[in-house]
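Each remark here refers to the structure printed beneath this line.
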Amino acid sequence: MRVRSLAAALETARTTRSRIAKEQALAGAFRELDGQQLATAARIATGRTLPVGDGRSLGVGGSLMTELIVQRTGAAPAEVWETARQTGDLGEAFGRLVQDKGGESTGAEVSLDEVAAMFDALAGTGNRAQKLGLLEGVFSRATALETTYLAKVILGSLRVGALGGVTEAAIARAFDVPIEDVRRAMALVTDPGTVAVLAKARRLGEARFELGRPVAYMLATPLEGVVQPLDPEAFVLEDKLDGVRTQVHKSGDDVAMFARGLERVTTAFPEVVNAFRAIEGDVALDGELVVMTPDGRPRPFQALQARLRRLAPTDEMLEKTPVTFVAFDILHDGRGDLLALPWLERRNAMDRFSGERGPRSAFLINPAVRLGTEAPLPEQLDRAFEQARARGHEGVVLKRIDSPYEAGRRGQAWIKVKRAFATLDVVITAAEEGHGKRAGVLSDYTFAVWKDDVLVNVGKAYSGLTDVEIDEMTQRLEAITLERHGGLRMVKPEIVLEVAFDGIQRSTRHKSGFALRFPRIVRIRDDKAPEEADRLDAVQALFAAQVETGHREETEALEPPPREPKAPRKKKPKEPPANQLSLFGDPEKRR
DNA sequence: GTCCATACCTACC
DNA sequence: TTCTGACGAATTCGG
DNA sequence: CCGAATTCGTCAGAAGGTAGGTATGGAC
């Protein structure tokens, strides 16, 4: 089977807005396939290259792709960037350049099996040259359309409007099976490829929960989205912890942990593994991974962040930021999966698995309390919410006591209650060109407030810094830039832009960024961690000055300046990596 | 030849 | 993670 | 009563913020 008909189906799906038409296009392509080819096609339709749970990644991003495009089409890097800028999508640009430069293949056709083999091989090597060779091997025989969609899926931005839900429906339609069966199987097996193959064989019923393989997470709906009145007696309340959603599966001495994307993260959290080794029996639990202070208070998400992407933590980290897995649901008790049981029964089953006690335990169970009937529900919620915040939590979650575990669904059985957002008026001082749908408009703003006659950047530029650091930074930069430019512009402490506000300039490192000629007023939300509230107060105070000095006025964004190809610093062409420019990595904070 | 900074990619909220 | 906008089905409205 | 308008559930996509792992290329 060729990639060609899948690419054609994806193109059809992309160019129509109708979900049904997208579904039909994909279903048509799926119907002609089976086995591994079907699996590969289903994964590609959902924007994936490897099976769910593979754990590896291709390691091919904008930079390597640009190199490939240059090699394939003979276009200059500047031309590639310009085309990507126009289309808002590097994959789209690749296809167009292949077409324009007459680089379409006339050779042997590319099969889905080859594509799957390429994905696997790409994930298997870290060597840039080897990756390039593997890509070249397939792309050199691809048509323009195949090129576009292969590049898109490799870059992780398919943008055909047919992820998850539409592809599930397409599988159901292709093989004439009930959509509910597809959904159920997807929640349990999680890999669209496997599910598609099961659907074709009419064996969706065989999908089972397996200890050691994660299920899709059950998610909570925000309270604002809840329509029906709630019966207080049907719900319990739990604290909503601000950490990372995690499943822990224990089978004998094997303990496995899975993060939100269902990747294995076991080696990062040995303290949790040890805690689970110490308990009796097999089990699979759903919960939140958090960092706590010695007295049992949760620390903000930032504290956990340092542990997140580490394959193996250092002893120092284990000492300074030990993590705790706080379980709030049970999926399997060693004898069978409990997903269909009502929450109350699952809760009872889970309570048998409590680990060692104490605030520094690496395994705790999240307390749940029944709602009362003495006060009106909104009042109870307000009180519970404030109490949860006072304990350092993000908010509360309401859970229906009669609800099964609805894997992979965001239903109204779980309802999260978080803080109402305060707003703050700020000024945009820099922006980047958008991608995808947003091509041609400005986005990715840097915010500022007025301080006296000078704009001080806040928002993303300052995120993560303390008030003291901000003050120091501000003073230093004011000294430099007031003298040199008559104004203060900055994107990152070490990056000072070159002009004030009377024109548009691109910054040195914020490559695709440019200032707006006139600041525009926007609103941002205050949904930061509690400790950042002080900082926002300070910013609010600065903002008050803006009103007095009359600096607030609404103006239009200007068109971006013509882009001149910049001479590459090195011999190798480097691509401005789309809108995911990393502006961060402050050396000051690394200490 | 080794070391180190950094460019790139990825994944969590 | 949140937010927005869109589709399509269900429900209500109006002639 | 029937078609039009509105509501509602669901989904896709965009966006912002942050840090670690790995390959690589230049400095020494």
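Every chain is numbered from 1 and lettered A, B, ... according to where its sequence line falls, protein lines coming before strand lines.
- For the helix from dG1(B)-dC28(D) to dC13(B)-dG16(D), the terminal axes (five pairs an end, C1' atoms, rotation from four pairs onto the next four) enclose an angle of 10°, given to 10 degrees.
- Judged purely by atom type and a 3.5 angstrom limit, Tyr217(A) uses its side chain to pair as donor or acceptor with the backbone of Gln247(A).
- The Leu58(A) side chain lies nearest to dT10(B) when the options are dT10(B), dG8(C), dC9(B).
- Nucleic acid contact for Arg183(A): sugar-phosphate only, since backbone atoms but no base atoms lie under 4.0 Å from a heavy atom of the residue.
- Not a single donor-acceptor pair under 3.5 Å links the side chain of Lys22(A) to the backbone N or O of Ala9(A).
- A donor-acceptor pair under 3.5 Å is formed between the side chain of Thr12(A) and the backbone N or O of Ala8(A).
- With the nearest nucleotide of DNA chain D identified for both Arg409(A) and Lys22(A), Arg409(A) has the one nearer the 5' end.
- Between Arg128(A) and Glu67(A) there is a salt bridge, with a side-chain nitrogen of the basic residue lying less than 4.0 Å from a carboxylate oxygen of the acidic one.
- Toward the 5' end of DNA chain D, the nearer of the two residues Asn127(A) and Glu168(A), judged by each one's closest nucleotide, is Glu168(A).
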Protein-nucleotides 11-13 of chain B N/O pairs under 3.5 Å:
residue: dA11(B); atom: O4'; partner: Arg309(A); partner atom: NH2; Å: 3.4
residue: dC12(B); atom: OP2; partner: Gly261(A); partner atom: N; Å: 3.4
residue: dC13(B); atom: OP1; partner: Arg245(A); partner atom: N; Å: 3.0

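- Residue Ser63(A) places at least one side-chain N or O closer than 4.0 Å to OP1 or OP2 of dC8(B).
- Judged by distance alone, the side chains of Thr125(A) and Gln130(A) do bring a donor and an acceptor atom under 3.5 Å apart.
- With dA14(D), dC11(D), dT10(B) as the candidates, the nucleotide lying closest to the side chain of Arg159(A) is dA14(D).
- When heavy atoms are screened at a 4.0 angstrom cut-off, Leu64(A) is found touching the sugar-phosphate backbone but no base atom.
- In the set dC11(D), dT2(C), dG21(D), the nucleotide with an atom closest to the side chain of Leu311(A) is dG21(D).
- The side chain of Arg14(A) places no N or O atom within less than 4.0 Å of a non-bridging phosphate oxygen (OP1 or OP2) of dA12(D).
- The pair Arg183(A)-Glu180(A) fails the salt-bridge criterion, with no side-chain N (NZ, NE, NH1 or NH2) lying under 4.0 Å from an Asp/Glu carboxylate O.
- Stacking of Arg72(A) on the aromatic ring of Phe139(A) is not recorded, the 6.0 Å distance cut-off and the 45° axial limit not both being met.
- The phosphate of dG8(C) has OP1 or OP2 within less than 4.0 Å of a side-chain N or O from Ser18(A).
- Side-chain contact annotation: Arg14(A) with Thr148(A), donor-acceptor N/O pair under 3.5 Å absent.
- Of the candidates dA9(C), dT2(C), dC7(C), dT2(C) carries the atom nearest the Lys416(A) side chain, counting heavy atoms from C-beta on.
- The side chain of Ile20(A) approaches dG8(C) more closely than any other nucleotide in the set dG8(C), dG13(D), dG21(D).
- Backbone-only contact: Arg310(A) has heavy atoms under 4.0 Å from sugar-phosphate atoms and none from a base.
- The backbone N or O of Gly287(A) lies less than 3.5 Å from no partner atom in the side chain of Thr246(A), so there is not a single donor-acceptor pair.
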